[in-house]
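Numbers restart at 1 for each chain; the letters A, B, ... are given by sequence-line order, proteins then strands. Because the structure is a prediction, the values reported are computed rather than measured.
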Protein chains: 2
Amino acid sequence: MTHEQFAKYSFLLDRTARKVKQYAQQQFKSGEFDVTVDQWLVLKNLSENHLLSQTQLAQLVFKDHPTLTRIIDLLCKKGYMERIPNPNDRRSFQLHLTTSGEEKVRALRPQILEIREKAWENLSETDFEEFKRILNTIYMNLGGQETEEE
Amino acid sequence: MTHEQFAKYSFLLDRTARKVKQYAQQQFKSGEFDVTVDQWLVLKNLSENHLLSQTQLAQLVFKDHPTLTRIIDLLCKKGYMERIPNPNDRRSFQLHLTTSGEEKVRALRPQILEIREKAWENLSETDFEEFKRILNTIYMNLGGQETEEE
DNA sequence: TACAAATAATTAGTGTGACAAATATATGAA
DNA sequence: TTCATATATTTGTCACACTAATTATTTGTA
């Protein structure tokens with residue numbers, strides 16, 4: 001195999017990642033979910049982990065701080081979450097979902113799982129494991145931090 | 001496997017695609033390549049296909065028209081390419097590299113191939129084929145168009 | 001020929017991603 | 001205690017992605 005062909009992984013990876021996001025976002029829109037794909041990722045993680053700081057949340061969702069600050073701004077504006085001052089550290093906040101945010105997560109979770117499955121038609125569970133292994137290897141080759149399996 | 005775990009492919013895919021782009025961009029920057037990763041993709045495709053219209057180029061690189069318009073604006077400003085009016089259709093342009101653009105492609109190509117290889121450490125050629133197959137299957141499951149193999 | 005529909009490219013608006021710098025607060029060592 | 005250093009978050013800037021709307025031109029058809 002030539003190096004030229006080999007280097008195409010980056011193109012295919014980028015193209016597929018964009019397609020996955022684009023497909024999900026279109027479904028989110030036609031379903032009037034009122035959140036973007038990235039906003040959903042934040043809501044979902046908040047529903048599973050309470051009173052996180054922004055730094056902790058940033059590590060969970062692998063977004064940098066400025067990006068997360070802006071996503072949180074939007075979610076607060078929509079009323080799905082709040083920043084509560086941390087009584088032990090005045091630099092930081094404790095993040096939590098509002099009732100409206102909890103309801104949103106409950107309502108969307110099953111619909112989003114269904115949207116996500118579409119990508120996996122014609123692929124097996126073995127493919128899934130292989131895919132995860134390769135993605136994680138690439139991620140770590142480029143300096144990513146190991147993440148524990150669940 | 002639960003659906004929950006299953007749906008994580010979208011997260012891993014997005015995370016890895018971003019890491020790959022970020023790693024490359026950092027190398028581009030420290031090497032003073034004077035182009036972004038996406039600008040390189042456009043230059044590279046132009047060097048391999050002459051006198052494309054923007055619509056044709058957009059299909060090749062899988063970018064939408066507004067994004068491509070702006071990337072081309074930047075590359076023209078840098079003097080690497082030009083828009084030539086199409087004599088047969090006054091709506092469109094024929095895109096081509098300048099001499100400076102041709103030189104840029106020649107100079108960067110080998111360096112970029114080297115950067116791209118870093119991601120593939122600890123992975124085999126079989127892994128590469130599997131990876132390509134899975135990415136393309138996902139891409140097509142979500143409505144992507146078949147692309148011919150080279 | 002005339003005109004509706006299609007096409008090529010651009011513009012505008014919003015969201016996200018990366019990086020650098022700024023602000024505010026906390027911590028640790030002299 | 002004090003001051004340098006570290007940490008949490010925000011702000012600013014540029015680039016890219018997606019949608020919708022706009023402009024200019026071409027094409028198909030009556």
Side-chain angles (χ1 to χ4, degrees), chain A residues 11 14-30 33-42 51-59 61-78 83-95 142-143, chain B residues 11 14-30 33-42 51-59 61-78 83-95 142-143:
Chain A
F11 174 73
D14 184 63
R15 179 176 83 161
T16 305
R18 273 191 286 134
K19 175 65 84 178
V20 165
K21 195 163 185 173
Q22 181 186 2
Y23 176 80
Q25 192 58 56
Q26 283 167 353
Q27 301 301 115
F28 277 36
K29 182 166 192 186
S30 69
F33 287 7
D34 187 39
V35 289
T36 67
V37 170
D38 298 284
Q39 289 164 18
W40 164 253
L41 181 64
V42 167
L51 296 181
L52 294 174
S53 72
Q54 294 189 194
T55 297
Q56 290 170 321
L57 181 56
Q59 284 169 351
V61 300
F62 290 93
K63 294 190 181 296
D64 63 17
H65 295 228
T67 299
L68 191 55
T69 290
R70 283 156 192 143
I71 291 174
I72 290 173
D73 286 347
L74 291 171
L75 287 172
C76 287
K77 207 175 295 180
K78 289 179 180 176
R83 289 180 172 100
I84 302 176
N86 183 336
N88 303 316
D89 187 339
R90 292 195 299 170
R91 292 170 303 181
S92 75
F93 298 103
Q94 293 174 329
L95 304 174
L142 301 182
Chain B
F11 174 74
D14 183 64
R15 179 176 83 161
T16 305
R18 273 191 288 132
K19 175 64 81 179
V20 165
K21 194 164 186 173
Q22 180 189 12
Y23 176 79
Q25 190 60 55
Q26 282 169 353
Q27 302 302 114
F28 277 36
K29 182 169 190 184
S30 71
F33 288 7
D34 187 40
V35 290
T36 66
V37 171
D38 297 285
Q39 288 164 18
W40 164 254
L41 181 64
V42 167
L51 297 182
L52 294 173
S53 71
Q54 294 189 195
T55 297
Q56 290 170 323
L57 181 57
Q59 285 169 350
V61 300
F62 291 93
K63 295 196 179 294
D64 54 57
H65 293 229
T67 298
L68 191 55
T69 289
R70 279 158 196 140
I71 291 175
I72 291 174
D73 287 346
L74 290 170
L75 288 172
C76 287
K77 206 175 294 179
K78 289 178 182 177
R83 290 181 171 99
I84 302 176
N86 182 336
N88 303 316
D89 186 340
R90 293 195 300 170
R91 292 169 304 181
S92 74
F93 298 103
Q94 292 176 330
L95 304 174
L142 301 182

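- A/Trp40 places a side-chain heavy atom less than 4.5 Å from the side chain of A/Phe28.
- In this structure, the nucleotide among D/dT19, D/dT11, D/dT9 sitting nearest to the side chain of A/Lys29 is D/dT19.
- Rounding to the nearest 0.5 Å gives a distance of 8.5 Å between CG of A/Leu68 and NZ of A/Lys63.
- For the OP1/OP2 pair of C/dC19 and a distance below 4.0 Å, the side-chain nitrogens and oxygens of B/Gln22 include at least one atom meeting the criterion.
- In terms of position on DNA chain D, the residue among A/Thr69 and B/Ile71 whose nearest nucleotide sits closer to the 5' end is A/Thr69.
- The side chain of A/Lys21 contributes an N or O atom lying less than 4.0 Å from OP1 or OP2 of C/dG17.
- With rounding to whole Å, A/Asp73 atom CG is found 7 Å from D/dT10 atom P.
- Atom-to-atom, CG of A/Asp64 to C1' of C/dG15 comes out at 14 Å; the value is rounded to the nearest Å.
- Note on A/Thr55: every side-chain N or O is 4.0 Å or more away from OP1 and OP2 of D/dT7.
- Within the nucleic acid shown, B/Thr67 comes within 4.0 Å of at least one base atom, counting heavy atoms only.
- Here the closest non-hydrogen pair linking A/Gln54 and A/Thr69 is NE2-OG1, 3.6 Å.
- Checking A/Arg70 against A/Asp14, the closest nucleotide of DNA chain D that is more toward the 5' end is the one next to A/Arg70.
- Salt-bridge check for A/Arg18 with A/Asp14: passed, with a basic side-chain N closer than 4.0 Å to an acidic carboxylate O.
- Residues B/Leu95 and B/Arg83 meet the side-chain proximity criterion, which asks for heavy atoms closer than 4.5 Å.
- Between A/Asn88 and A/Asn86, the shortest heavy-atom distance links the atoms N-OD1, 2.8 Å.
- Contact between the side-chain N/O atoms of A/Arg83 and the OP1/OP2 oxygens of D/dT10 is found at a separation under 4.0 Å.
- Taking the side chain of A/Phe93 as heavy atoms from C-beta on, and the options D/dA17, D/dT9, D/dT26, the nearest nucleotide is D/dT9.
- Nearest nucleotide to the side chain of B/Arg91, out of D/dA8, D/dT11, D/dA24: D/dA24.
- Of the candidates C/dA20, C/dA12, D/dA17, D/dA17 carries the atom nearest the B/Asp38 side chain, counting heavy atoms from C-beta on.
- Distances shorter than 4.0 Å separate some side-chain N or O of B/Gln26 from OP1 or OP2 on C/dC19.
- In this structure, A/Arg18 reaches the D/dA17 phosphate: one of its side-chain N or O atoms is under 4.0 Å from OP1 or OP2.
- Atoms CG (A/Leu74) and P (D/dT10) sit 13 Å apart, rounded to a whole Å.
- Ranked by how close their nearest DNA chain C nucleotide is to the 5' end, B/Gln25 and A/Val37 are led by A/Val37.
- In this model, the phosphate group of C/dG17 is approached by a side-chain N or O of A/Lys63 to a distance below 4.0 Å at OP1 or OP2.
- Closest approach of B/Gln94 to B/Pro87, counting heavy atoms only: OE1-CD, 4.0 Å.
- Taking 4.0 angstrom as the limit, B/Gln54 places none of its side-chain polar atoms (N or O) nearer than this to OP1 or OP2 of C/dA8.
- Atoms CG (A/Leu57) and P (D/dT10) sit 12 Å apart, rounded to a whole Å.
- Taking every side-chain heavy atom of B/His65 into account, C/dT10 is the closest of D/dA15, C/dG15, C/dT10.
- Nearest nucleotide to the side chain of B/Arg90, out of D/dT26, C/dT25, C/dG17: D/dT26.
- When the P atom of D/dA8 is taken as reference, atom CG of A/Asp89 falls 7 Å away, rounded to whole Å.
- Listed nucleotides D/dT26, D/dA15, C/dT25 differ in distance to B/Gln39; the shortest reach to its side chain belongs to D/dA15.
- Protein atom CD1 of B/Ile84 is 17 Å distant from nucleotide atom C1' of C/dA8, rounded to whole Å.
- As rounded to whole Å, 8 Å separates atom P of C/dA9 from atom CG of B/Asn86.
- Among D/dT11, C/dA18, C/dG15, the nucleotide with an atom closest to any side-chain atom of A/Thr36 is C/dG15.
- Remark: P of D/dA15 and CG of B/Asp34 are 11 Å apart, rounded to the nearest angstrom.
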